[in-house]
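Written out below as structure tokens is the structure these notes cover.
Throughout, a chain's letter reflects where its sequence line sits, starting with A, and its residues are numbered from 1.
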Amino acid sequence: MQASKKVGAVIVVGGGISGIQASLDLADSGFKVYLLEKSPSIGGVMAQLDKTFPTGDCSICILSPKLVDVGTHPNIELITNADLTEVSGNAGDFRVKILKKPRYVDEEKCTGCGDCVSACPYINLPDEFDMALRSRGNIFIPFLQAVPRVVMVDREHCVKCGNCQVICDAGAIDLYQKPEEIEIHVGAIIVACGFDSFDPSGIKEYGYGRYKNVITALEYERLVCASGPTGGHLDRPSDKKTPNSIAFIQCVGSRDVNHNPYCSSVCCTYAVKEAIMTKEHDPAIDVNIFYMDMRTHGKGFEEYYNRAKEEYGVRFTRCRPSSVEEIDSRKMLIKYENEDGKLMGDEFDLVVLSVGLKPPKEVKELSEKLGIDLNRYGFCSTSEYSPVETSKQGIYVCGAFASPKDIPESVAQASGAASKASSLLSSERGTLVVEKSYPPEKDVVGEDPRVGVFICNCGVNIGGVVDIPEVVEYAKSLLNVAYVEEDTYTCSRDAQDRIKGAIEEHDLNRVVVASCTPRTHEPLFRSTIREAGLNPYLFEMANIRDQCSWVHLHEKAEATEKTKDLIKMIVAKARLLEPLERIFVEVTHSGLVIGGGIAGMTVALELANQGYEVHLIEKEKELGGNLRRLYYSLSGVSPREHVNKLIDAVTKNSKIHVYTGTNIVDVGGYVGNFIVKIDQDGDEKDLASGVIVIATGGVEYKPEEYLYSEDDRVLTQLELEEKLANNELNAKTIVMIQCVGSRNEERPYCSRVCCYDAIKNALKIKEKSPDANVYVLYRDIRTPGFTEDYYRKARDEGILFLRYDEKEKPEVTLDDGILKVLVVDRTLGREFLIKPDLLVLSAAVLSHPGNKELSEMLKVPLREDGFFLEAHVKLRPIDFSNDGIFLCGLAHSPKSIDETLSQASAAASRAVKILSKDRVEAEGAVISVDEILCRGCGRCEEVCEYNALELKEIEPGRLVAQVKKVLCKGCGTCSVACPSGAITLKHFTDKQIIAMIDAMAGIF
Amino acid sequence: MSLENIVNETKAYYCLECGKCTGSCPISRVNKGYSPRLTVEKALLGFDKELLADGGIWSCMTCNLCKDRCPSNVDYTKFIRYARAEALKTGYTGNCTHGGVLSSLMRIMGNPNLKQDRLGWVSDNLKISEKGDILYFTGCLPYFETLFKDIGVNSLDIARSTVKILNRIGIKPVVMPDERCCGHDLFWTGDLENFEKIAKLNVGLIRGTGAKKVIFSCPECYRTFKQDYSEYVDMDFELVHISEFLAEKIDEGKIDFGSLEEDVTYQDPCRLGRHLGVYDPPRKVISSIQGIGLIEMEHSRERSICCGTSTWTNCDRFSEQIQKERLKEAKAAADTLITACPKCQIHLSCAMKSKTPIDEVKIKDFSVLVASAMGLGDDP
Amino acid sequence: MDPKIVAFCCNWCSYAGADLAGVSRMQYPPNVRIIKVMCSGRVEPSFILRAFEVGIDGVLITGCHIGDCHYVSGNLRAEDRVKMAKELMKTLGLEEQRLRLEWISASEGEKFASVIKEFVEDLKSVGPNPLGKGEASCP
């Protein structure tokens, strides 16, 4: 492939959270992105969720800013309601044909006001977003935060009455719109088409579709959502009554060879979440989760599960119910065999099926068009060591389509896929992106304020309630108001021209728009006034629609008064607005990676492949980390071999500077400009880097139990693996004990890899000596996703799995030189004595002991268990609150090889977002410190979560708070903490806010 | 008042430009950009606008050190006060500390409709009356308690101690449930409109109790009543600071001190010392406590340095430096610093919370010390 | 329009929640005026006192739910400051019901509307701000 033929653009197929993340990463690092979504809005399943685990964050709250980012990004072209029809070409140079289905609305003209929605007579269609739990109109906006926020006409039921066309002042309705085929030219393709929920109506014994009170988990999610069909009231479908008892049935459609044999990975934790949400709703509701193995293996999930049990009193029953029946059309009867082998029948008011994930239905056709292979279950085919690469070069995959996974893993994988595309196209970075150019800014400092006020009718949305002509006259009377204009739609294109004209004609130096919400429209108006030569911060918005006319539809006089107040308040602030400068900091175009294991080396290689210098720091004398001790993997490829290949590639890469036997002594600087002092065998040296990636890895727990280190027949899994590899295994009966050092009081978390390792090594033993007896003593077997196949295989090979209870741990004794393991098998409820030749302990994965010191130097937080704490567990799994520092691999939490690799690529992607720029830009509305007023007390430093403030001794004995504006997020908490008033948060100054309060009270 | 009038009123035209004021000024010592002499000079030469816009006029602590030393008797303190009132009218203010919450509180105090609930601190063991001869004016202590407990200052201890002391000598003082802030800081920041409202409200309230004598534990309240209210309202009651009152009682043999083995030093609050000339009574009371050693700081009495900031404005790096030096002096004298002003206690305690290395001393209020010496110590 | 309420809404959760109430056409009394701040942690106790000083009857501060703060811990700071303001208000003899702190997420349009309804009712029973329309001479 010749570099000149590559195209600096990427198409992302699928607008769920994975596709969104991949698009933002790529668009922010110099590529043009086309985001293709089959439905009318981006957002995917995450938009439908009420809360997210394990923090209980409101799902749409955290997603919505990302939707807006995508919608307003200058380098992302959103193509919704469209399908991919044809792909030709090769990696670096694809041609993609897309069919845009008619929306019957001109997206450019539609303002999303919703007038047509209420004008349309046909209103009885199932609302897809709300899982058909309520109905929607023939014309609809998929959900409140939809992006693009334009309506969609469902032509199938259209009676062509024309009401919508009449009411639409914007003239946006086009009932004769035709499908449109477009062709785009891209260098890479990222497939992020997500998953479909398993349809449980095929499992007749659970009665879904037959009984109203058997619903799926996603339906339940809408049912408890404050913006859902019941307004967040937990009403069961049959009689709208709040249930007193709810049962969750796990593994519906998963871990079942009759349906999907794989594990869907997310259902256990989402059921725990929904159970907790239920209890938070009403603690009196009895919640019982019926499960086989509780698979809460993600970061913080085990603790979440424990809280559900202990704090919330959620019941957990280990079994797979045999049937669900309705009695008296009121109660649902669940029949099951309990752990003691007794047949039970419990009654519940509502049954929620924790349905699994399956490949989206259109994926077969799509994969054929793309020319990529699917695995045996119809998900995208990938390998353990290249988790985001499809079978075709230049096409990458992420999210649930690669394998069932949760949101943070999807987000990480999306960034990982973006990194791969970015590597492939790095020569074309920046070739297709646009940067808007503006005229020079007028200097308005010192001028008397001249405020222009533009008041929007929003069709009839505002004007139908508020007396706009009266408001216009009122606005004219306000101090410093130089011009007032009334518009039908202030957001329309011609209105933008009028605003620019008025700035010119009336010499305006402040602009106020009174219309809808700044959350969606401020960027547009800021850009408009910037085009007219005004600093964008000389703009303010009065929200007279969403927060006035729409909520006071029947109180017209009061709404008019309120509108006047809101405009008066905003004008009072506007006259005090100051032009602000966005801050730019130069970026050192190199990265520094801490840790030379598989994660660190992968990051280093990806950064180097994208053209950046990398410093790779490793404490040990050699690169390679833990994987040097791993000889086998279930997929068949030896981790050791993979690591050796990586070491070879790293050492041969001229852009990567490896420092082994090296410690980090000190870290200074900030995003774009870190200075890291290292100590290599006593030689100290400063390294400059634009970003820092933490990939410190973890260590294996040295057990203090089960006679480990007392008897040499007791080994850890890593030690066993070494023996196996050296063919030193000489044992007939082998016992493995799971969860040694994990899931206990001291370390509540699940070490995640031990079930995999135990099964892997057990199978290896069976392969080497088929007549060996292998017993695995476990608490829950956790083989998420497709690794479930190996668990089944292990059972198939005759490996025995005995479940023990946390409270009845196996007893290991030494009796006359004979090793004895006594375990109470929970299934039979009987004691079981094994005399093994070898006892293998699945020891916990511990955080790296050096993390604490490192966290203090980098000023990034650690969890209690010593793993690093990311910026946001859900949507920013790779980032820290401190810009420019990233994490991946075991530094984050225990995880498998493929996940580590996804995260490592993701870290590279996040890093490239910064490294690809010559300067990083920060928000202009940040704080400033008056150095005379600053007393150096340090209270600001204490409250700042971003290390944006630091006390510096600027002369002997005198400390002053110094702001790193580029790190400041503009929350203003420090300005309140500052006792002397030395800190001002620009754009939200005390004076501006007090002026608004005074204006409201009628005092100037 | 125009600048010209201010010059006349304060006799600033006598200024010989000798610079003794600037040489004495604790602010000028640390802030080279601040000079009382040049400020006066600006007024004399008619640079009115520049002077009013100059933040420097808000930095002055109005501590009277320059005024006392001026060979031409220029009342610089008054000059600053008038200039601030003028600046305020023009739209200039100082930099409010604590987000301006204290100014807001003071203005609210001027509202006649206010019905406070400020006696929450009066526990059962404290005896107070509604009417009587002797009234204890508590000042802003209940508000300071809320605002400054996070820096370890419990201002209400002063009020509790004062009442306990008075109770011990047989007095059940009147404590008013709706007493207003004295308005000191409004007066000194030029908000005379609200100050006048407050002065009238307070005097009216005191009259209503029939009090003949008003005791103050706060030197600012004391000075404000004594020197500034008279311009606005007539008073027919005697005013006295707790230290003066107690010094008298010692003479009358009405106070029994236990012993307190402690070396202390004493901070002269500017309002009590230079403004009102009360230097001896607090010293007399402290020295009467058996076992106590009163060690003077290098700068004391007339030469005393004040606590670094005033009127909740412009509490800046220079204030911090003054406080740092003052604490150093205190530390050199003794481990415990006694002050008779709640604001000195707040300002110096706040300085010790700083991350800048600073000498740490124990700061105790005068009344709290006296109460503990009288064995009225720690019960609430 | 009495009682008069000023509401400080954080940009990320509660302001969005207030928008959602509008988008969903949930009706609530027209007594409230919203001032947008980036974080509830930006609200100074002095803003609260200022509002009462100038005669506003109720102050509502809304932020992201605990744990959800866009700026990690700003809402916790807001909680501390509201506590302090309430203490000052108590001493001033201002009814503590006049100051209200609520966590409202972006999806809780209904909660926003119901909080306003409740607050208006509460304030009606508490009565008008005793300070009346104050006069403020210091900016």
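With chain C as partner, the option from A:Thr517, A:Ile141, A:Leu566 having the largest number of non-hydrogen pairs under 4.5 angstrom is A:Thr517. The choice from C:His65, C:Arg33, C:Glu44, C:Met38 that makes the most heavy-atom pairs within less than 4.5 Å of chain A is C:Arg33. In terms of heavy-atom pairs under 4.5 angstrom with chain A, the leader among C:Gly17, C:Ser24, C:Cys39 is C:Cys39. Note: C:Asp19 leads C:Val23, C:Asp68, C:Asp19 in heavy-atom pairs under 4.5 Å with chain A.
Contacts of A:Asp115 classified as side-chain hydrogen bond (donor to acceptor under 3.5 Å, both in side chains), with partners at least two apart in sequence or in another chain: A:Asn461.
C:Gln27 touches chain A through backbone and side chain together, each having a heavy atom under 4.5 Å away. In this structure, the portions of C:Val32 lying under 4.5 Å from any heavy atom of chain A include both its backbone and its side chain. Interface remark: A:Cys978 contributes no atoms to any contact with chain C (heavy atom separation under 4.5 Å). Of the atoms belonging to C:Tyr15, heavy atoms from both backbone and side chain fall under 4.5 Å from chain A. Looking at A:His872, there are no atoms closer than 4.5 Å to chain C (heavy atoms on both sides), in backbone or side chain. Contact of A:Ser64 with chain C is not made at all, since no heavy-atom distance falls under 4.5 Å. Contacts between A:Gln547 and chain C at a heavy-atom distance below 4.5 Å involve backbone atoms as well as side-chain atoms. Interface remark: A:Ala977 contributes backbone and side-chain atoms alike to the contact with chain C (heavy atom separation under 4.5 Å). Heavy-atom distances place both the backbone and the side chain of A:Ile997 under 4.5 Å from chain C. Heavy atoms of A:Met569 lying under 4.5 Å from chain C belong exclusively to its side chain. For C:Ile5, the part lying under 4.5 angstrom from a heavy atom of chain A is the backbone only. Looking at A:Leu553, both its backbone and its side chain come within 4.5 Å of chain C, counting heavy atoms on both sides.
Taking CD1 of A:Ile994 as the start and OG of C:Ser46 as the end, the distance is 5.0 Å to the nearest 0.5 Å. Atom CE in A:Met1000 sits 7.5 Å away from atom CD1 in C:Ile35 (nearest 0.5 Å).
Contacts with chain A (heavy atom to heavy atom, under 4.5 Å) involve these residues of residues 71-82 of chain C, listed by number: C:Tyr71, C:Val72, C:Ser73, C:Gly74, C:Arg77, C:Arg81.
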Worked verdict on A:Asp998 versus C:Arg50 for side chain to side chain contact (heavy atoms under 4.5 Å, CB included): CA-CA 8 Å; A:Asp998 287 358; C:Arg50 179 67 170 203; 2.7 Å; yes
Verdict with reasoning, A:Glu540 to C:Lys36, per side chain to side chain contact (heavy atoms under 4.5 Å, CB included): CA-CA 11 Å; A:Glu540 269 297 328; C:Lys36 186 180 87 170; over 6 Å; no
From CA spacing to verdict: side chain to side chain contact (heavy atoms under 4.5 Å, CB included), A:Asn543, C:Ile34: CA-CA 9 Å; A:Asn543 187 338; C:Ile34 290 175; over 6 Å; no
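Taking a cutoff of 4.0 Å between a charged side-chain nitrogen and a carboxylate oxygen, A:Asp990 and C:Arg42 qualify as a salt bridge.
Shortest non-hydrogen contact noted between A:His552 and C:Pro30 is CE1-CA, 3.2 Å.
Proximity of C:Pro45 to A:Val976: side-chain heavy atoms (C-beta onward) are separated by under 4.5 Å at one or more points.
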